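Just below is one structure, and these are the notes that go with it.
Chain identifiers are assigned alphabetically (A, B, ...) following the order of the sequence lines, protein sequences preceding nucleic acid strands; residue numbering begins at 1 within each chain. Because the structure is a prediction, the values reported are computed rather than measured.
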There are 2 protein chains.
Amino acid sequence: MARVTIQHVAQAAGVSPSTVSNFLNDRQGRMVAATRVRIESAISELGYRPNRAARQLRNGKTQTVGLVVPSVGNPFWGAFAHEVEIAALALGCSVLLCNSERDPERERRYVEELWEDGVRSIILCTSLPSLQHVSHVIAEGLRLVTFDRPAQPNDPDSVVSISIDNNVGGQVATAHLLELGHTRIAFVSGSIRSVNRSARYRGYCDAIEAAGLSVADMPHWTGLDADLFGDVEAAEVGRAAAKDLFADPATAPTAVVAINDMTALGFCRGLRDLGLKVGQDVSVIGFDDIILADLYDPPLTSVRQPITRMAQLAVAEAVERGSNESTDPGSSVLLRAELIVRESTARLAGSDATSATTAGAAASR
Amino acid sequence: MARVTIQHVAQAAGVSPSTVSNFLNDRQGRMVAATRVRIESAISELGYRPNRAARQLRNGKTQTVGLVVPSVGNPFWGAFAHEVEIAALALGCSVLLCNSERDPERERRYVEELWEDGVRSIILCTSLPSLQHVSHVIAEGLRLVTFDRPAQPNDPDSVVSISIDNNVGGQVATAHLLELGHTRIAFVSGSIRSVNRSARYRGYCDAIEAAGLSVADMPHWTGLDADLFGDVEAAEVGRAAAKDLFADPATAPTAVVAINDMTALGFCRGLRDLGLKVGQDVSVIGFDDIILADLYDPPLTSVRQPITRMAQLAVAEAVERGSNESTDPGSSVLLRAELIVRESTARLAGSDATSATTAGAAASR
DNA sequence: TATGGTCAGTGCATCGTTACACCGATTTCA
DNA sequence: TGAAATCGGTGTAACGATGCACTGACCATA
């Protein structure tokens, strides 16, 4: 069961290995149609598959796309990784998955290692404000696509960013609660020292102020300033927040915007610990619309990220740039998030239903 | 920023590339201590990292472990993949992740491609009764570890299997419901034409019979025989099952054993559609104990798989065999599943509490 | 002092693919 | 008609690491 190499193909087709190589690398202008056909049939007859290692050694690069996510253990990232793999497969390349645990040092190490192993395109799911820790690799030519983090002023020029518009997302989520009559709305998140999280928080603030209320008057959870950031602990964060926010009933919120669904679900769990009913006693809205949002009891209202589309875009940017200059380098693609209204949010008991204004987003499916 | 190769190291250490290669490949008996030290310091000074592609081309193999899961979009597999990556990292190798979508043809293709790309160890998460579709690759020398599928009589000798004892798991889950006074217990799953699923089902049957009841008398969901199998659709399966099983109240179950947590959660969602309360009206038990089981409302009783430990074992078998003959090839490691009792299971209203016997598993945390 | 054995380390061919430089034959054009 | 350009294709030297077969120096034994 010896390997079939380019030499075997060349011999079978009656040409030199160079010609087969030219054929394989789309320099087909350099040969007559008959030769092309002979090579084609020799390849399929022998079942030839180019040797990746040899190619990589020669070229110094792979066809592999690196994907660095915080943690595939988190259902949102798991789902995203899945979509990325599907999209990459369709484009004929494989995906090397790395879990950064949101540790900048691990991000840096993974990016460097991938680069040194010949990976030339990486989808980096980070929300660090600065890309400084990987900028030297970008300078050497890495094709970097960030996901879940819009472009920042100091980003290297070549970086493309794919993200939802988190500010608008935060506004839509908050506006939804305001329209339901809530006026005591808390924002629950681990540390918001990250680009997308602070954008969501700003959206929340904007919506509050736009409604003539003051953010200072809102129930505030101090966990926002803490260093909790892990994706695995997201649910723990929500659970802890519920406990803290309802410690003093006088200052407790009637509605909550959670930074993501896992945190929202943890928050719901915390409410349950306290004997409170989600939807009924407290409205909760999350972000991402993971598969479990719809499964939960009550089903969770959430700001959906179109991950299938985003994964496609990210992969396309990562592998096709150059051949298909779809997006300008340095640009930021901001997709529109969609509000999915379910039953974890409800009209505040006793509030005036007629005060509702038009919602800025789509309705439930 | 030219690459630093083994030649540079050799020059810096004042030896030949061969000697450096000997050093790198643990043939250190072949050199004097002083040389060893010179090479060591040259490597760290120059920041040398061996070129994977070159190594692979020369040796015909990689240090990469292939991981084929049904879908990382499913939280259980996402969590498992995460654990595998951690375990592999600790052993200095990387993980190439593939989603088979439980399609035998995709499994085969991935395994073949990985093999041809020099991957010599694969953790295959399959539950197909036969490994025939990849046996030719195993025959060529692939180190295959199956996960979530105990060894079968016809498996090639070299295969090692890591799994929980699904039969016992099914028994424990069912016994738990019987002890709570339930006598109308349904088993809910997509197709059970897979090793682990049918084992769980047999465990269920065994427990029913052991209690002096008859499986034939139990409410039966016909979806068992259907072809639904996807991991993404697991929740849909559960939801559909709830709808069907409760169509006729006379034959409806009072408790349900679901094939996994996603299906259990979908089932709970289906109960909700019907206005039934989980725990209160119907007891539901799942498998896996994914992170969401504890978050759910009510928290889901589940049979936990010790995935961290299992991932470590799987990786160790995949990469260390030979150097550390920890397990005999052809053997099957069956770990003990642990029943985690939460609130989705409750005593059947009106049943005699004193009939409870000792449980065969640990209590809730 | 031959003979042989160890020790420490080296030379070289090789893995499969690629792309530059080149080549002979035909066509183009002034 | 001769010079140059084009066409279709080939030879060859890498890319970086590896490990077998080898060498020369040193030591021990007879």
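- P129(B) pairs by the side-chain contact (heavy atoms from CB on, under 4.5 Å) definition with V195(B), not counting sequence neighbours.
- Rounded to a whole Å, the CZ atom of R3(A) is 7 Å from the P atom of dT17(C).
- Evaluation of the salt bridge (charged side-chain N to carboxylate O under 4.0 Å, His left out) rule for D155(A) yields R149(A) as partners, not counting sequence neighbours.
- Within residues 44-57 of chain B, the residues approached by DNA chain D to less than 4.0 Å at the level of any non-hydrogen atom are Y48(B), P50(B), N51(B), A54(B), R55(B), in residue-number order.
- Considering only residues two or more places apart in sequence or on other chains, E116(A) meets the salt bridge (charged side-chain N to carboxylate O under 4.0 Å, His left out) condition with R49(B).
- Following rounding to the nearest Å, I6(A) (CD1) and dC15(D) (P) show an atom-to-atom distance of 19 Å.
- When the side-chain contact (heavy atoms from CB on, under 4.5 Å) test is applied to S130(A), the partners found at least two apart in sequence or on another chain are Q132(A).
- In terms of the side chain to side chain donor-acceptor pair (under 3.5 Å) criterion, residue partners of N196(A) (sequence neighbours excluded) are, by chain and number, D148(A), S194(A).
- Side chains of S127(B) and R102(B): a donor-acceptor N/O pair is present below 3.5 angstrom, by distance only.
- Qualifying salt bridge (charged side-chain N to carboxylate O under 4.0 Å, His left out) partners for E112(B), counting only residues two or more places apart in sequence or in other chains: R108(B).
- Rounded to an integer number of Å, the gap from CZ of R38(B) to P of dA8(C) is 13 Å.
- To the nearest angstrom, P of dG16(D) lies 14 Å from CD of Q11(B).
- In this view, T19(B) and V15(B), S16(B), M31(B), T35(B), I39(B) satisfy the side-chain contact (heavy atoms from CB on, under 4.5 Å) rule, not counting sequence neighbours.
- The nearest whole Å value for the distance from the CE atom in M31(A) to the C1' atom in dT6(D) is 16 Å.
- Residue T35(B) places at least one side-chain N or O under 4.0 Å from the OP1 or OP2 atom of dG9(C).
- For the atom pair OH of Y110(A) and CG of L97(A), the computed distance is 8.5 Å after rounding to the nearest 0.5 Å.
- The stretch residues 15-23 of chain A touches DNA chain C through S18(A), S21(A), each having a heavy atom within less than 4.0 Å of the strand.
- At the phosphate of dC15(D), neither OP1 nor OP2 sits under 4.0 Å from any side-chain N or O atom of T5(B).
- For R55(A), the salt bridge (charged side-chain N to carboxylate O under 4.0 Å, His left out) test picks out no residue, with sequence neighbours left out.
- Atom pair R27(A):CZ and dA19(C):C1' shows a separation of 7 Å (rounding to whole Å applied).
- In this entry the distance linking NZ of K61(A) with C1' of dA19(C) reads 13 Å, nearest Å.
- Applying the ring pair (Phe, Tyr, Trp, His ring centres under 6.0 Å) test to every pair with at least one member in residues 126-150 of chain A, sequence neighbours left out, gives these pairs: W77(A)-F147(A), F80(A)-F147(A).
- If you check residues 113-121 of chain A against DNA chain C, you find no residue with a heavy atom closer than 4.0 Å.
- The interatomic distance linking N59(A) (CG) with dC15(C) (P) rounds to 19 Å, in whole Å.
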